[in-house]
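This report concerns only the one structure given below.
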Amino acid sequence: MDGRSGGVRGGELESRCSCSSQGKRKNDERPYKGIRMRKWGKWVAEIREPNKRSRIWLGSYSTPVAAARAYDTAVYYLRGPSAPLNFPELLALDGDLDELSAASIRKKATEVGARVDAETRCSHERKPCWFEEKPDLNKKPESENSDVDGNDNW
């Protein structure tokens, strides 16, 4: 033993640790800064407050773009016009860059994210699920087991 706890030498410890100097994960699925994907597929955004260890929760969204837009809004209010943004051309602000509380930044960011999320969901043309389809109640239902000539076997 060399006097260290566990008797592990420095080189051995580095080779065992998965976090040592490997940089980013191989399959990093973060297309934008400030967001991450939950196991169940939702995208979430959060940002660290300047000079603090606390974070501001910016919400959970169904698209990465909505989460990234929420992050952009918050980072702009926290760090000003020189802040690196995911979508600098889409930043639309209402108000000054005065000192805002974490709660007001969260509110502004979640409003933007929710709006983008709703716009994204509405813009995708998709086939409705079976429970969303509205059947024609004036039409006689078709039988699943009808003969070739169309006679039903009742």
Residues that K39 engages under salt bridge (charged side-chain N to carboxylate O under 4.0 Å, His left out), provided they are two or more places apart: none
Considering all heavy atoms, the nearest P31-P64 contact: CG-CB, 4.0 Å
Side chain to side chain donor-acceptor pair (under 3.5 Å) partners for S60, two or more places apart: none
Residue pairs fulfilling salt bridge (Lys or Arg N to Asp or Glu O under 4.0 Å) with at least one residue in residues 53-70, sequence neighbours excluded: E46-R55
Heavy-atom closest pair, residues P50 and L78: CD-CD2, 3.8 Å
Within-4.5 Å side-chain heavy-atom neighbours: R106 and K108: no
Nearest-0.5 Å distance, OH of residue Y71 to CD1 of residue I56: 11.0 Å
Contacts of type side chain to side chain donor-acceptor pair (under 3.5 Å), residue S54, not counting sequence neighbours: E49
Distance-minimising heavy-atom pair for A70 and L58: O-CD1, 4.0 Å
Full working for salt bridge (charged side-chain N to carboxylate O under 4.0 Å, His left out) between E111 and R115: CA-CA 6 Å; E111 286 172 358; R115 188 186 75 240; over 6 Å; no
Check: L85 main-chain N/O paired with D72 side-chain donor or acceptor under 3.5 Å: no
Residues clustering with W57 (ILVMFWY side chains joined when closer than 4.5 Å, directly or via others): V44
All salt bridge (charged side-chain N to carboxylate O under 4.0 Å, His left out) counterparts of R79, not counting sequence neighbours: none
Verify same cluster id: F87, Y61 (apolar side-chain graph, 4.5 Å): no
Minimum heavy-atom distance between S104 and L100, given as atom pair plus value: OG-CB, 3.4 Å
Pairwise distance CD1(I35) to CD1(I47) - rounded to 0.5 angstrom: 13.0 Å
Closest non-hydrogen atom pair between W43 and S62, with its separation: CD1-O, 3.8 Å
